[in-house]
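Read through the structure below, which is laid out as structure tokens, and then see the notes.
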Amino acid sequence: SHTAPVQSNTPAAADNLVGYKDPQRFLGDAAAALGPGAQDMVAVHMLRLYEKYSRRSPRPGAGNTVRSFRPTLEVINQKAVYFFNLTSMQDSEMILTATFHFYSEPRWPQAHEVPCKQRAKNTSCRLLPPGPPSRQHLLFRSLSQNTATQGLLRGAMALAPPPRGLWQAKDISSMVKAARRDGELLLSAQLDSGEKDHGVPRPSPHAPYILIYANDLAISEPNSVAVTLQRYDPFQAGDPDPGTAPNSSTDPRVRRATQATGPLQDNELPGLDERPAHASHTQHYHKQELWPSPFRALKPRAGRKDRRKKGQDLFVASSQMLHFDEKTMQKARRK
Amino acid sequence: QWDEPRVCSRRYLKVDFADIGWNEWIISPKSFDAYYCAGACEFPMPKIVRPSNHATIQSIVRAVGIVPGIPEPCCVPDKMNSLGVLFLDENRNVVLKVYPNMSVETCACR
């Protein structure tokens with residue numbers, strides 16, 4: 001089993017968050033930044049780290065990334081088990097430290113009646129004074145995605161009962177590194193005190209969370225900011241549906257290459273030898289009708305086959321030679 | 001912007017993540033001073049544009065005009081600063097990353 005000492009240099013202690021009870025009080029205006037659903041202790045902690053990193057850039061190699069992981073709560077055999085999905089970690093992120101943060105209160109066992117001996121009638125039964133607070137154990141298991149087992153036990157820690165309710169941090173770096181090495185990026189944590197949990201535990205702002213301090217080796221690559229923050233094509237029409245996968249383009253517009261529809265050998269003006277689509281009978285155009293105004297809207301050109309067919313029977317009536325003025329014609333004849 | 005100096009120098013630019021559509025997942029900062037570099041790197045270049053030796057040679061060759069088509073050296077960022085960004089990843093977990101080279105401290109001709 002793994003009994004990680006509570007290092008005094010665990011990040012929580014360094015971030016003087018230990019003992020923080022009420023995240024709401026701490027958030028202040030940052031609460032708006034986080035949105036309504038995220039005003040819990042992990043948000044407070046991350047904002048604290050953001051302020052620290054913004055004041056003083058981290059030393060090279062001291063880690064340029066901190067990832068937080070909120071749990072999903074499940075009840076298994078009447079015990080609260082917290083599951084952490086660590087799959088959002090990037091391969092380029094080298095884990096430096098991983099810490100497990102949890103809120104614990106002293107658990108005094110309920111004073112309970114002891115069946116007193118019936119030596120004499122109506123002797124009052126004494127209540128046993130409550131014993132020492134029960135010891136809790138932290139059990140960590142890791143499992144790969146979608147396996148039904150409870151997972152491999154990665155570590156267990158005995159917890160000294162706290163004198164009062166407070167947040168604590170435990171270093172779980174070696175467990176997380178071993179689980180990642182084995183490709184098991186689903187971690188479960190169970191606070192076990194040996195007693196059954198009274199009532200179904202509900203998600204609370206006191207839910208535990210994991211922080212992973214890492215050094216992203218790819219962050220100095222060109223365009224690293226786009227890898228994690230560019231989530232859709234900025235030129236996409238309208239707002240992206242938040243549900244779509246990042247970088248998906250639901251843009252209805254279809255890009256078309258503009259290529260010429262047919263060979264440009266003839267010097268016919270496009271659209272002049274076509275019949276308008278609605279004309280049912282073939283009418284012969286006279287010259288002045290063909291040019292009602294200097295700018296004609298070009299009509300879509302028919303395919304080459306029907307153009308040749310149409311071209312034959314229309315050639316006599318409306319084949320268009322370009323007309324030049326007399327002077328140009330004389331020059332041409334001379335040449 | 002009009003009374004900006006002609007020579008290569010740092011110009012003010014504030015980037016608001018809402019303008020580029022990233023504000024949905026970026027918690028903090030909402031905007032930051034990124035700056036940019038612009039201006040001439042023509043011969044003779046003043047010391048303030050901190051030209052590299054190559055840029056000095058290139059601007060002389062261009063000024064002399066022996067080789068046609070040689071462009072002026074470019075005015076680019078020289079010293080840059082990193083920026084810590086707090087954002088939500090695809091699983092809506094809070095992530096902090098410190099990105100290098102996000103804002104311009106000084107410009108130079110290269």
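Any value given below was found using the heavy atoms of this structure, including those in side chains, with hydrogens, waters and symmetry copies removed. Labels below follow one simple rule: chain letters A, B, ... track the order of the sequence lines, proteins then strands, and each chain is numbered from 1. No experiment lies behind these values; they were computed from the predicted model shown.
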Original post:
Roughly how far, to the nearest 0.5 Å, is CE of B/Met102 from OG of A/Ser224?
Top reply: 8.0 Å
**OP:** Identify the two heavy atoms, one from B/Trp25 and one from A/Leu229, that lie closest to each other, and give their separation to 0.1 Å.
**Re:** NE1-O, 3.1 Å
Original post:
Which pair of non-hydrogen atoms, one from B/Val98 and one from A/Ile219, has the smallest distance, and what is that distance?
Top reply: O-CD1, 3.2 Å
Original post:
Side chain, backbone, both or neither: which part of B/Asp89 has a non-hydrogen atom closer than 4.5 Å to chain A?
Top reply: both
**OP:** Using modelled atom types only, decide if a donor and an acceptor are shared between the side chain of A/Ser68 and the backbone of B/Val94 within a distance under 3.5 Å.
**Re:** yes
Original post:
How close do A/Val225 and B/Tyr99 get, heavy atom to heavy atom, and via which atoms?
Top reply: CA-CE2, 3.6 Å
Subject >> Beyond-backbone contact of A/Thr87 with B/Asn91, side-chain heavy atoms, under 4.5 angstrom >> reply: yes
Original post:
Got a second to check how far A/Tyr50's OH is from B/Ile27's CD1, nearest 0.5 Å?
Top reply: 10.0 Å
Original post:
Roughly how far apart are B/Leu96 CG and A/Arg48 CZ, rounded to 0.5 Å?
Top reply: 14.0 Å
Original post:
In this structure, are over 12 heavy atoms from other groups packed under 6.0 Å from B/Ile60 atom CD1?
Top reply: yes
Subject >> Side chain to side chain, B/Trp22 and A/Arg231, heavy atoms closer than 4.5 Å >> reply: no
**OP:** Would you list the pairs meeting disulfide (SG to SG under 2.5 Å) in which at least one residue belongs to residues 45-100 of chain B, sequence neighbours left out?
**Re:** B/Cys8-B/Cys75
Subject >> Closest heavy-atom pair and its distance - B/Lys97, A/Glu93 >> reply: NZ-OE2, 2.8 Å
Subject >> Spacing of A/Ser54 atom OG and B/Leu86 atom CG [to the nearest 0.5 Å] >> reply: 8.5 Å
Subject >> B/Phe87: ring-ring contact (aromatic ring centres under 6.0 Å, His included) partners, not counting sequence neighbours >> reply: none
